[in-house]
Visitor: 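Okay, here's the structure, questions in a sec.
Both counts, for ligands and for their atoms, begin at 1 and track the order of listing.
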Amino acid sequence: MGDQNESGSSKNSKLSAKLSRIEEELKLVDAEILKLRQRKVELQTERALVESEIESLIDSRQNATGSPGDDWDNDNFPWSAEARKILNDVFHLSDFRQYQRAAVNAVLKKEDAIVVMSTGSGKSLCYQLPAVLAKGLTVVISPLISLVEDQLYQLKKLGIEAAALNASTDKEEAKRIDIAVTTKSNLRLLYVTPEKLAKSKRLMNKLEKSTAAGILKLIAIDEVHCCSSWGHDFRPDYKFLNVLKRQFPGVPLLGLTATATEYVLNDVKDMLGIRAALVFRAGFNRPNLRYEVIQKPSSDESCIAEIAGLINTRFPRQSGIIYCMSRNDSEKVADQLRKEHAISAYHYHAYLDPQVRSNVYSKWISGKAQVIVATVAFGMGIDKPDVRFVIHHSLPKSVENYYQESGRAGRDGKEAVCLLLYRFQDIFRQSVMVQEEKVGKKKLYEMVEYATQVSVCRRSCLAEHFEEKWESDWCSQACDVCDSTTNDSSSSEKIDIRQIAETAAGIIRNCSAQGNKKDDGRGRITANKLLELLSKEMKSKSKELLEAALTHLLLNEYFIEEFHYTAYTVISYINVNRTFDSKANQPIWMKAKEAWTKEKEKGGKRRSANAHGGEKKKKVITVSDDEVDEIAHYDNAITIE
Ligand SMILES: Nc1ncnc2c1ncn2[C@@H]1O[C@H](COP(=O)(O)OP(=O)(O)OP(=O)(O)O)[C@@H](O)[C@H]1O
């Protein structure tokens, strides 16, 4: 019994001791929590203050009268005289182009900035000149190694020390760069790929040291629109760049792009943590470029013959680029142009042996080859001033891509032509390729809209896309729509395509019903098949009209594309969308060329839509844009059968 009491009291005392230890520790934790809470409040207050400062900076920049260029585009900075001397003596240029000086001044004043300037307008100078003037190191983040090689070559010619660090840099060179980055050296520009930066902790560490030593002066991000998943060319490795502002405090960021809408720019600023960045946006318009869209012939042979004809008649012995959608296309087009049309054309794509690729490039640059036939792998960073024509053999995947690729024409400021060969079928070749991208289909449809315009100036379309002010008479007849010799815009009319839509929807539904009945997975219809059946059912309608109508129905979401995967490929099928039924019986207005709306006679010849000739007389009402919304009922509208 006594033993029991004793062991009971010793257990009690052990437990008491344990309890008091726990309570002691809890007090410490409470004190720690209190401290952390206080720190949290301090940080929240600090954050609110910084955020409000950023907001007021953004406000003051947005509300400032005039453009940001007004404050920055002048020679009143302490370094202005030296900047001009470097421009003349090192770069051998007589004057700045629009916004180059503003961008140079901004980054030298340690401001974050984004420059939006068209292809070939001279974005590189905006960081190369400050790099020479600031005498420290500028890091240039650039996505393409071929572009970097070209820049290194140009810089070497100017006597500016520059290097590149990427997967193929050898050890010796990497060692030399390591030293140059963290000590005072003559290395002015270091080009890195975003992947290299994201993967190399060593490089990040060296750059942190470089920042601490005051050597790193500027980080330039080329093709900065690639940061935004809403842009046309999102690249996952650019996501990593959100650490730059935190890891390299005090080092300004300069983003550069040829194409970015306001929405994409804001996304980029958020992502990089530079919401108050200055934006210098030069006009999108390239007055020396003429834009044209040409109907692409249906067979490959006649398409190549058409291109050959264009080159021989309009651009004899002049330098040009032909862009194709695939490697195969580029090889075939180049081969046939050479063998059958005696045009010195050579293909160029990412899968070519590097030595062959480099030979093709040199031949073209030196003028020994007239035409380079390329996939989009070719282009970023090419700096051939006298490209007189850029022909798109197929539809590009977005307006941004088109603007950038076609913009490689006329970098010398002299007249050049941007020609797009368009045909209905190319929409679906391209849509299966872009359908997995976040905004791939939307971007492609914007491009289709550009290509299928019949009455709106091509430049107006580009201006609208890039959210710029534009009056169509500013085009000076330099597009096929505005040019009265190639187009009479009064020859287009607004027509109601409801009946075509109903017939097409009937074909789709019929096909789907048959497929369901057989229960074997059939019942889907491709755009091509739909067009074929529609042409059979509406024999009096021209093919151009039916193609335009189907395109209009897709772009306006009456119909939709649905994508299906097979073991080898992806196929686009057309289906009727809910919009179609929800707007039943309402007219569907579309602008059409008058030539398309001429009814065909049995033998295939066209005749006027309101010719009598035994057919029902049709009531044609021409309506203005404003009236369209007011016309409520289909019966009142034009009927085309
Ligand atoms: N101020 C200037 N005066 C005359 N030529 C200039 C000026 N600035 C740049 N250039 C020239 O313009 C050409 C294009 O420059 P750069 O390669 O920097 O264009 P870019 O805007 O980067 O084009 P891209 O988007 O195709 O890369 C180069 O040949 C360059 O020497």
Visitor: Is there any salt bridge (charged side-chain N to carboxylate O under 4.0 Å, His left out) pair reaching into residues 307-331, and which pairs are they, with sequence neighbours excluded?
Guide: E292-R314, D329-R429
Visitor: Heavy-atom distance to atom 11 (C) of ligand 1: which of Q151, M117, R408, R97 wins?
Guide: R97
Visitor: Any nitrogen or oxygen of G122 lying under 3.5 Å from a nitrogen or oxygen in ligand 1? Just yes or no.
Guide: yes
Visitor: We want to know whether E223 and Q404 form a side-chain donor-acceptor pair, criterion being a heavy-atom distance below 3.5 angstrom.
Guide: yes
Visitor: What pairs with E415 under salt bridge (charged side-chain N to carboxylate O under 4.0 Å, His left out), at least two apart in sequence or on another chain?
Guide: none
Visitor: Looking at ligand 1, does D95 have a heavy atom less than 4.0 Å from it?
Guide: yes
Visitor: Applying the ring-ring contact (aromatic ring centres under 6.0 Å, His included) criterion to Y450, which one of Y291, Y402, Y422 satisfies it?
Guide: Y402
Visitor: Using the six-membered ring wherever Trp is involved, compare the ring planes of F466 and F284 and label them parallel, tilted or perpendicular (cut-offs 30° and 60°).
Guide: tilted
Visitor: May I ask you to check whether T119 has an N/O atom sitting below 3.5 Å from an N/O atom of ligand 1?
Guide: no
Visitor: Looking at non-hydrogen atoms alone, which of C126, S124, S121, S118 comes nearest to atom 18 (O) of ligand 1?
Guide: S124
Visitor: Using heavy-atom distances only, which candidate in R101, Q100, Q154, Q404 approaches atom 8 (N) of ligand 1 most closely?
Guide: Q100
Visitor: Run the salt bridge (Lys or Arg N to Asp or Glu O under 4.0 Å) test on D386 and K384 for me, step by step, so that the C-alpha distance in whole Å, both residues' side-chain angles and the decisive distance to 0.1 Å come before the verdict.
Guide: CA-CA 6 Å; D386 60 345; K384 184 164 168 52; 3.1 Å; yes
Visitor: Heavy atom under 4.0 Å from ligand 1: found in L256's side chain, backbone, both, or neither?
Guide: neither
Visitor: Looking only at heavy atoms, is any part of S94 under 4.0 Å from ligand 1, and if so is it the side chain, the backbone, or both, or is it neither?
Guide: neither
